[in-house]
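Everything below concerns the one structure shown next.
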Number of protein chains: 2
Amino acid sequence: MCAVATVESVLMNIGEIARRAGVSRSTVSYALSGKRPVTGETRRRIQAVIDEIGYRPNAAARALKEGRTRTLGLVIPPANQRLTDMQLGFVASVVEAAARADLDVLLSPSGGDHDRSFERVVTGRRVDGVILMEIRLEDERVVRLRESGLPFVTIGHTANPYGTCWVDVDYPTLIARCVHHLADLGHRSLALVNRSAELLAIGYGPAHRALAGFTEAVAQRGLTGVELTCADDAAAGESCFEQLRDQHPDVTAVVTINEAALPGLQRGLERAGLVVPRDMSLAGVAARHWAEDFRPQLTAADIPTVEMGASAVDLLLERIAAPEAPARHLLLAPPVSLRASTGPAPR
Amino acid sequence: MCAVATVESVLMNIGEIARRAGVSRSTVSYALSGKRPVTGETRRRIQAVIDEIGYRPNAAARALKEGRTRTLGLVIPPANQRLTDMQLGFVASVVEAAARADLDVLLSPSGGDHDRSFERVVTGRRVDGVILMEIRLEDERVVRLRESGLPFVTIGHTANPYGTCWVDVDYPTLIARCVHHLADLGHRSLALVNRSAELLAIGYGPAHRALAGFTEAVAQRGLTGVELTCADDAAAGESCFEQLRDQHPDVTAVVTINEAALPGLQRGLERAGLVVPRDMSLAGVAARHWAEDFRPQLTAADIPTVEMGASAVDLLLERIAAPEAPARHLLLAPPVSLRASTGPAPR
DNA sequence: TTGTATGCGTTATCAG
DNA sequence: CTGATAACGCATACAA
């Protein structure tokens, strides 16, 4: 019999609470923030009103007054191209870590055509700090952020990261470890399946660093190594395998940072009647779940996405609290987890 | 010789622009919004100043004044549990569609312990509208949003969705189509690998609707069907296969909405020396990329995540513009793409 | 075509 | 311990 009224129309500002509780606005404000003592009785009356009409302070007004938004910006790659499992791990862990600190996360797809979103975030004072991912060796967004004075942390690092906060994985070392592991197994001819030629061309950090680590480790062990670039999808992985088979038939092991290409690579192998790791070993750098879901389970350096995302948030909060403090960074080199995709070299 | 100064300290409000351009604040405001004519000369002078010091209006102040934030809220499942490929597809496409409309997206992980984030979004007037995903048949967040008066759209729908805007995939129909496809291939005994028992217990919509569609289609075709619940990971998928093999050895085809379980299921099959689709057919509902990356490529109803995310944003924008208009919804039933994981029943 | 004054909802400063 | 009042930066109704 009782119609359900939408609470929509009742106005809920701090003045209304004050009116209903019979106190002044500032008293309500202080009762909420606890920044100055309020009598138990008044506090109780205020709390009762707040609970009754479900008041919460207006975020925009508070942001305007306080000069901070309690929001972090997270700049992600343009969403039209599928995000890799690793990138998704970062997004999830950043959101999670931010939520633990009672901070919200504003997503900004950037790098594509709409850098309007990025500009809004940087210059509209919409966030207290920014986390940037998918860093290039020379990254104009880093330049932009640096000159904006907005605190920021990057997941990945530029060629000259001095003075910026960042957290990254040590790709050269990880790739080198994979190479050494394969060399120890007797492989003499290795291929690196890198990310796409486009990414390499625009100076995408992990692609360049993986190549550097591969080249050096291969030379160090006196192996022959070939480098292939490959787009982030199964079809590209498949044609990458064809290329390998046609032009480098002596290759017995592949190391990669391109997880998205692996299903296609594996499909190519299967079609050619080759079995992993009997005929070809596979090793790489990937998120743990991804490596474990792969068939056979992938020998890989497992990227600690959760830890990296959480660290990025921690670093950013430090930087927001003390913008002038010296920039810190974190370079992780997780061990290579031996699974089922690597074995002794054939013959 | 010229030190690189951070632009940080220069104040950049509309008054400062006005002062430097020698006009009043309102003129600057109108020059920006174009809501009243401004002489070409003054406009040019103002624009010059703006370009010079890189001014952009303060989002908080604008939100406070206008009563809208130009931001959409996106409520995602708690990020500690890995998001499925489908869920990620929604996030990406919503962000993309919002960016096209010059809107930002605020992420709110909810459903776990911290519903503080959800409450902030709902009641702090931080967003103009909300997109909710992972809907249960009875969903308290929907109730909460409805009584808050904040415009919202759900991806998925409750048992009684009347009066709410939503977009969803027709799970009963899709699962039924899979069943019919398998029945046509001669399979007589089918299994449904559902999402986890926990999700089913809390009334997760897709799990219940998939079950309903399966049960009905199986009955209609006079088949025998068993239903298994399975957590969202490879290990669970593997033990799910063991269970199938032990307790239901007559099953020759599996239909599933649990993409995350499939790698494990497939690993179990392999270990038992069974080949898909020769010994066992697999069909399901999944994101297209996921189905194509699977080995063998998965016969599946491909969820149009991009279209769904974009539609959710469209519906939400409509609803924000006209909150009293009748609620619209979209129920999609994409066709089953025949790939390599289904074949004639064995023997 | 432009300038002035007001209020959005908070928090902080100053009186009491 | 509490109340009035002034900002925060912007958009707009009103006046010129």
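Letters go in sequence order (proteins before strands), and every chain restarts at 1.
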### Query
Hey, does A:Pro77 have a side-chain heavy atom less than 4.5 Å from the side chain of A:Gln87?
yes
### Task
I would like to know whether A:Glu119 and B:Arg56 meet salt bridge (Lys or Arg N to Asp or Glu O under 4.0 Å); could you show each step before the answer?
CA-CA 9 Å; A:Glu119 279 304 315; B:Arg56 304 222 64 207; 5.6 Å; no
### Query
Separation of A:Arg19 atom CZ from D:dG3 atom P, in whole Å?
15 Å
#### Entry: Identified side chain to side chain contact (heavy atoms under 4.5 Å, CB included) counterpart of A:Val121 within the set A:Val130, A:Leu145, A:Thr71
A:Val130
### Task
Output the residues of residues 25-42 of chain A in contact with DNA chain C, where contact means a heavy atom of the residue under 4.0 Å from an atom of the strand; sort by number or write none.
A:Arg25, A:Ser26, A:Ser29, A:Tyr30, A:Lys35, A:Arg36
### Task
Using a cut-off of strictly less than 4.0 Å between a heavy atom of the residue and any atom of DNA chain D, enumerate the qualifying residues of residues 59-69 of chain A by number.
A:Leu64, A:Lys65
### Task
Determine whether A:Leu106 and A:Asp104 make a side-chain contact, defined as any pair of heavy atoms from C-beta on separated by less than 4.5 Å.
no
### Query
Within this structure, what is the CZ-to-P distance between B:Arg56 and D:dC10, rounded to whole angstrom?
12 Å
### Task
Can you measure from CG (A:Asp139) to CZ (A:Arg146) and round to the nearest 0.5 angstrom?
10.5 Å
### Task
In whole angstrom, give the distance that lies between atom CD1 of A:Ile14 and atom P of C:dA12.
11 Å
### Test log, rule side chain to side chain donor-acceptor pair (under 3.5 Å), inputs A:Ser110 and A:Ser108
CA-CA 6 Å; A:Ser110 149; A:Ser108 167; 5.7 Å; no
### Query
For B:Arg43 and C:dT2, what is the distance between atoms CZ and C1' respectively, to the nearest whole Å?
13 Å
### Query
Step by step, would you call B:Arg70 with B:Asp102 a salt bridge (Lys or Arg N to Asp or Glu O under 4.0 Å)?
CA-CA 8 Å; B:Arg70 298 163 193 268; B:Asp102 278 333; over 6 Å; no
### Message
If you count heavy atoms of other groups shown closer than 6.0 angstrom to CD of A:Glu66, is the number above 12?
### Response
yes
### Query
How long is the span from the OH atom in A:Tyr30 to the CZ atom in A:Arg36, to the nearest 0.5 Å?
5.0 Å
### Message
Check the phosphate of D:dG9 against B:Asn13, side-chain N and O only, distance under 4.0 Å to OP1 or OP2. Yes or no?
### Response
yes
### Summary
note: A:Asn58, atom CG; D:dG9, atom P; distance rounded to Å ~ 17 Å
### Query
Any side-chain heavy-atom pair from A:Arg144 and A:Phe118 closer than 4.5 angstrom?
yes
### Residues, nucleotides or ligands: over 12 heavy atoms within 6.0 Å of A:Arg328 CZ
no
### Query
Through what angle, rounded to 10 degrees, does the axis of the helix from C:dT1-D:dA16 to C:dG16-D:dC1 turn between its ends, using five pairs per end?
50°
